[in-house]
Amino acid sequence: MGKKKNNMTKRGVAAALATANLPLINDAELAATPMARSDSEGKSSSGSLKRSGPHDADDDDGWQTIERGRPVKKQKKTPTPNSARYPGVHFSETSRLQSKINLSAFRDLILYLFADGSGPQWISVAHRPEFRKAVVIMVPGLEEAMFKAGVDFSNYETPTLDQAIKQIGDGSSPDHYYPRPLSKEALPFSLQPFADMFPHLWPVKAPGDDKYGKLHSPLTTMLTAPLNKTKDKNSDRSGADSHRDIRTRITEFLATPEELVDNGFPVHPVLLPEGERRDSFKDPEGWVHTRVNKLEDGDVPESEIEQGSITAGREVLAIDCEMCLTGPGELALTRVSLVSWGGETVLDELVKPEKPITDYVTQYSGITKEMLEPVTTTLSDIQAKLLDLLHPRAILLGHSLDSDLKALQLAHPFIVDTSMLFPHARGPPLKNSLKYLAKRHLSREVQKGGGTINGHDSVEDAKTCLDLVKKKCEKGKAWATGDSQGENLFKRLARAGTAYRATAGPEATGGLPVGKTSAAVEWGDLSRSACNAATVAISCKTDADVEAGVIRAVKGDPDGLEVPGGGVDFVWARMRELEFFQGWANKHKPSTDVAAAEEETSVVQEANRDAEKQAVSPLEECLSTLAQRLQRIHAALPPCTLFMVLSGTGDPREMSRLQSMHSQFKKEYNTPGSKWDQLSVKWTTDEEDALRKAVKVARAGVGFLSVK
């Protein structure tokens, strides 16, 4: 490697000096000259013979690095907006767009620009290497109807379910899913700044499941990168994802009362609200519940817990049952197995049903007619034994335990269920099979005997559940969540973030994995959320805090102590005041700070008072404030920055109301002794259809996209 100046090498300089009868100087002497010193101190000198680095020149007569006899090109400057290589994202009528864009497509665009994601097919990307930063802001509460021409915010009303479905369309026409051009003149005055920042409004489909009436978290979708199976060949394919093992007590994995209700578990009276209903509770005929008078009975004082114990002083018993058919859709208990935390078999008995068995379903149960012929043990015998074993400090563990407990006609409040600990990739109500979990996380084959007792063994299944939970406790909550959650987006950018020649110099030609810095600007405590994995986490209490935090993250701190100088590469933020104003936020807000919650309310109330003084609707004032905040952020962005604004979802209120109604119905229906015609809530096909429509409305979000 050498250096040259105006095609003259050092050897040529030496020859010239000799010809001029001037003394020769070596490199050390040259470096000591005043001109060289002034250059090393950062002072410019057009007559300097040496620079501090090969790429420090700003003009064409600077030193250049020579590799293999050829000069290496200097690092390119940030292109100007009129430059032919300015980056951009463009929609074309010829784009391969055949349905509404999923929210995940916006996340995948970030991965394509800054990491190892695949190129998008719904939009064209120009000059990918030139993108410098990306800023994504989620603003729940935004609706497409707000951007209609002539909308009157003083009389703005949420459309009925049928009206909303009609506006969304069935997806059969491009009008239902093509982006809508934004015209400043056609927008309401308060939202006209959007037209200055974005060329289109994109209809966006939020994550969820129309068939099962589910809306999935838009935050989880945006902040979770799918595992790259082609490029992550060396990653842990057990689903563990790289993380630090954290020993976790089993009590951290106990199902909550809400989870028990949602998953159809028999209701133990201790889970009922205190009062007449709990006091008057009676088990239906044939049913029993364990002797737990209050949930606190299960607590163990810290002084009694052995240091480092993951059982937290509780007795853990894994259970599995086998059932046979005694009628159409009628299952009866035929075998029950109970295994201790140490792996010893505590109970393993065959059970004779009261009714004659019509189908032994041996291929699943492992039970045969010959096995049950000499058996005299009844269900009530097993119940009596379990009531003695399941004391208040006992935790019952198993896979899809709701089915086992219904077969046992028994209720217990302390449950750890592996079907809930290891959720299905597509979310509930789908569940992973125990066979799959054993193969995936334990590298163990179970239930492989082709319908014999050796192939489908309840003791083996109970021990498998036990080993899964033990490993979960040893590894921590983050272990084995890859199947459903992938990899944290901030971690993916830090691990696989890619730089290109335009931003990282010649050595990055073709893309170089250098890692990308990130910032999360969010409401509430970020230490317990996915945002904690960002390079910088900025906690906020108002949208004004969010605005300031985004600008700070983009520009960086002067001293660079917290936010790196020059800002981070990727910024994620969420503004929530419109969400609170619209009533979209559910009761489980991420912020548990009482002061923050009070400040949220005061912000909305202040907006209402200001709007009344100015004779504009409170909603219009809220939208105007939001648009101005976004406009100021946009103005602060450096060139070549991708800017996204996403609503995340559509209006979730009717969906939430129907889901609460369904949850109440299931809670009452699964309470032993309840009668369906005496329930306080009815759930029929009409309510089911209404829920599906409400979910479709809740999944109809909007998005905006541009390059500054």
Side-chain angles (χ1 to χ4, degrees), residues 140-141 143 157-165 168 206-221 255-278 281 295 402 411 413 415 417 420 423 427-431 576 578-592 597 600-601 647-672 674-701:
E143 300 178 89
E157 293 182 358
T158 301
T160 65
L161 207 53
D162 290 333
Q163 289 173 338
I165 290 294
I168 295 169
D209 193 320
D210 291 335
K211 181 179 178 181
Y212 295 105
K214 296 286 184 179
L215 175 68
H216 299 160
S217 168
L219 259 69
T220 301
T221 297
T256 65
E258 292 79 11
E259 289 173 332
L260 293 176
V261 170
D262 290 343
N263 286 272
F265 278 80
V267 178
H268 192 284
V270 77
L271 300 177
L272 298 174
E274 293 184 4
E276 182 181 353
R277 190 177 172 198
R278 182 192 290 190
F281 177 86
L295 291 175
D402 54 305
I415 300 294
D417 195 321
M420 296 159 64
L430 301 177
K431 294 182 178 181
R576 305 201 63 186
L578 178 61
E579 178 186 15
F580 296 134
F581 183 90
Q582 290 272 71
W584 284 23
N586 60 34
K587 60 183 179 181
H588 303 295
K589 296 178 184 178
S591 172
T592 55
E600 294 165 16
T601 304
S647 68
T649 70
D651 189 344
R653 289 173 291 183
E654 180 64 10
M655 179 200 69
S656 298
R657 185 187 72 81
L658 289 168
Q659 285 179 337
S660 297
M661 182 176 167
H662 190 210
S663 179
Q664 181 64 25
F665 168 80
K666 288 194 298 182
K667 184 175 182 179
E668 294 183 15
Y669 183 80
N670 287 315
T671 300
S674 63
K675 297 181 180 180
W676 71 270
D677 57 345
Q678 297 178 358
L679 304 180
S680 64
V681 177
K682 301 295 182 185
W683 191 260
T684 66
T685 54
D686 290 340
E687 285 76 20
E688 195 72 34
D689 290 341
L691 176 58
R692 289 195 179 96
K693 289 181 180 179
V695 169
K696 190 173 182 180
V697 171
R699 295 186 68 188

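Residues take their numbers from the sequence shown, with the count starting at 1.
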Evaluation steps, side chain to side chain contact (heavy atoms under 4.5 Å, CB included), between L295 and L271 | CA-CA 8 Å; L295 291 175; L271 300 177; 4.0 Å; yes
Apply side chain to side chain contact (heavy atoms under 4.5 Å, CB included) to the pair V697 and I168, showing each step before the final yes or no.
-> CA-CA 8 Å; V697 171; I168 295 169; 4.0 Å; yes
Would you please say whether a donor-acceptor pair under 3.5 Å links the side chains of E688 and T685?
-> no
Quick check: does any side chain N or O of [X] sit under 3.5 Å from a backbone N or O of [Y], one acting as donor and the other as acceptor?
X: D651; Y: R653; result: yes
X: Q664; Y: M661; result: no
X: Q582; Y: G141; result: yes
X: R699; Y: A206; result: yes

Non-hydrogen atoms of [X] and [Y] that approach each other most closely:
X: L260; Y: A255; value: CD2-CB, 3.7 Å
X: D209; Y: V695; value: O-CG1, 4.3 Å
X: T649; Y: P218; value: CG2-CG, 3.6 Å
X: P207; Y: S217; value: CG-O, 3.9 Å
X: I415; Y: F265; value: CG2-CE2, 3.8 Å
X: V270; Y: R278; value: O-NH2, 3.1 Å

Applying side chain to side chain contact (heavy atoms under 4.5 Å, CB included) to S663 and not counting sequence neighbours gives V261, D262
Under the side-chain hydrogen bond (donor to acceptor under 3.5 Å, both in side chains) test, residues paired with K693 that sit two or more places apart = D162
Distance from [X] atom [atom1] to [Y] atom [atom2], nearest 0.5 Å?
X: L161; Y: R692; atom1: CG; atom2: CZ; value: 13.0 Å
X: K666; Y: L679; atom1: NZ; atom2: CG; value: 14.0 Å
X: R576; Y: L578; atom1: CZ; atom2: CG; value: 11.5 Å
X: H268; Y: F281; atom1: NE2; atom2: CZ; value: 8.0 Å

Compare all side-chain heavy atoms of H662 with those of F665 and state whether any distance is below 4.5 angstrom.
-> yes
Side chains of M655 and L691: does their closest heavy-atom pair fall under 4.5 Å?
-> yes
Using a strict cut-off of less than 4.0 Å between a Lys/Arg side-chain nitrogen and an Asp/Glu carboxylate oxygen, indicate whether K431 and D417 qualify as a salt bridge.
-> no
Step by step, would you call S656 with Q659 a side-chain hydrogen bond (donor to acceptor under 3.5 Å, both in side chains)?
-> CA-CA 5 Å; S656 298; Q659 285 179 337; 4.9 Å; no
